[in-house]
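Here the structure is a predicted model, which means the values were calculated and not measured. By convention here, the first residue in the shown sequence is residue 1. Hydrogens, waters and symmetry mates are skipped; everything else that's a heavy atom, side chains included, is used.
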Amino acid sequence: MVPCRKHRRTRTERKEILDYTRTNLKWNGWGWEGKTFELGDRNREALFWEFVRENLGADELPSTPSIRWEDIELPKTRVSAALHKKLVAVLDEKRVCTGAYERIFHSVGRSYRDLLRLRHGVLPGAPDVVLYPETTDEVVKLVELAVTKKCAVIPFGGGSSVVGGVEAVAGPDLKGVWTLDLSRMNRLLEIDATSMMAKVQAGAYGPKLEQDLQDRGYTLGHYPQSFEFSTLGGWVAARGAGQQSNRYGTASEFLVGATIVSPTGTWETRSSIPH
């Protein structure tokens, strides 16, 4: 739960809900699939690369295109047919993903080092399965199952971590790695106008969260540099700050309460908004 503030929409603001389906995002970089940043006309582009060559002291710049994700070799998933059946019983077939693309997309974050590894197809590991829960109850069941199967569970929101927070690796005593992609847990559940508190699911991306709040006349006022491609849960986990944090506070300050699912049980700092 987070505090919200009154907000008046201006005529220039647009209603736009972005589609964060994983195939719409670059698997080996930041931003939307198919979006590039042009340097302008050919003369300007030539001047830019000449500037790069001079400052690197290089006569030639190598061509280093990204490997295709289809050409990346992954270890075989450790999800057996019996385990797959149990996972589908908690979610459904479409939300239990063991395909190569999903495993590659969720293998690392988006730091400069991560992007180099993705483009070269050299990954430290990959999740055995990517799971898309939509409710807290589903998360609880998945974590409980992971404990019984001795598998690591990695929460994944926007995947914009630059410190290894979503890297799909586990200790030698564990038998698998499961990534829980929370992007379908993205709803604004409740707002109380008196306490000015909002209850929001952890997988809400910045633009959708602000849009949902502003549609009701409120704002969170949190705008980190990764705003478009990061989620509320990630902001809280990383104690995130933004360009208006000197006024509205950092994530560690605006967090009022949380429901946290762990291998040893569920912890609630506050179960409901006071009315």
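- Ala81 is linked by a side-chain contact (heavy atoms from CB on, under 4.5 Å) to nothing, counting only residues two or more places apart in sequence or in another chain.
- Applying the salt bridge (charged side-chain N to carboxylate O under 4.0 Å, His left out) rule to Glu138 yields the partners Arg95; only residues at least two apart in sequence or on another chain are considered.
- Not counting sequence neighbours, the partners of Lys141 by the salt bridge (charged side-chain N to carboxylate O under 4.0 Å, His left out) test are Asp137.
- Taking the salt bridge (charged side-chain N to carboxylate O under 4.0 Å, His left out) definition, one finds that Arg184 meets it with Glu134, sequence neighbours left out.
- Applying the 4.5 Å side-chain rule to ILVMFWY residues, one finds that Leu174 remains a lone member of its cluster.
- We find the CG-CG distance between Leu91 and Leu142 to be 5.0 Å, quoted to the nearest 0.5 Å.
- Within the structure, the ring pair (Phe, Tyr, Trp, His ring centres under 6.0 Å) test picks out the following pairs touching residues 160-217 (sequence neighbours left out): Tyr20-Tyr205.
- Applying the side chain to side chain donor-acceptor pair (under 3.5 Å) criterion to Ser252, with sequence neighbours excluded, gives Thr250.
- Remark: Ser262 engages Thr264 in a side chain to side chain donor-acceptor pair (under 3.5 Å) (not counting sequence neighbours).
- Below 30°, between 30° and 60°, or above 60°: for Phe105 and Phe156 the angle between ring planes is between 30° and 60°, a tilted geometry.
- Using a 4.0 Å cut-off between a side-chain N of Lys or Arg and a carboxylate O of Asp or Glu, Arg42 and Glu45 do not qualify as a salt bridge.
- For the side chain to side chain donor-acceptor pair (under 3.5 Å) test, no residue two or more places apart in sequence or in another chain qualifies with Ser63.
- For Ser160, the side-chain contact (heavy atoms from CB on, under 4.5 Å) criterion is met by Trp30, Ser226, Ser230, not counting sequence neighbours.
- Distance CZ/Phe254 to NE2/His222: 4.5 Å, rounded to 0.5 Å.
- Residues meeting the salt bridge (charged side-chain N to carboxylate O under 4.0 Å, His left out) test with Asp71, sequence neighbours left out: Arg68.
- In this structure, Gln201 has no side chain to side chain donor-acceptor pair (under 3.5 Å) partners at least two apart in sequence or on a different chain.
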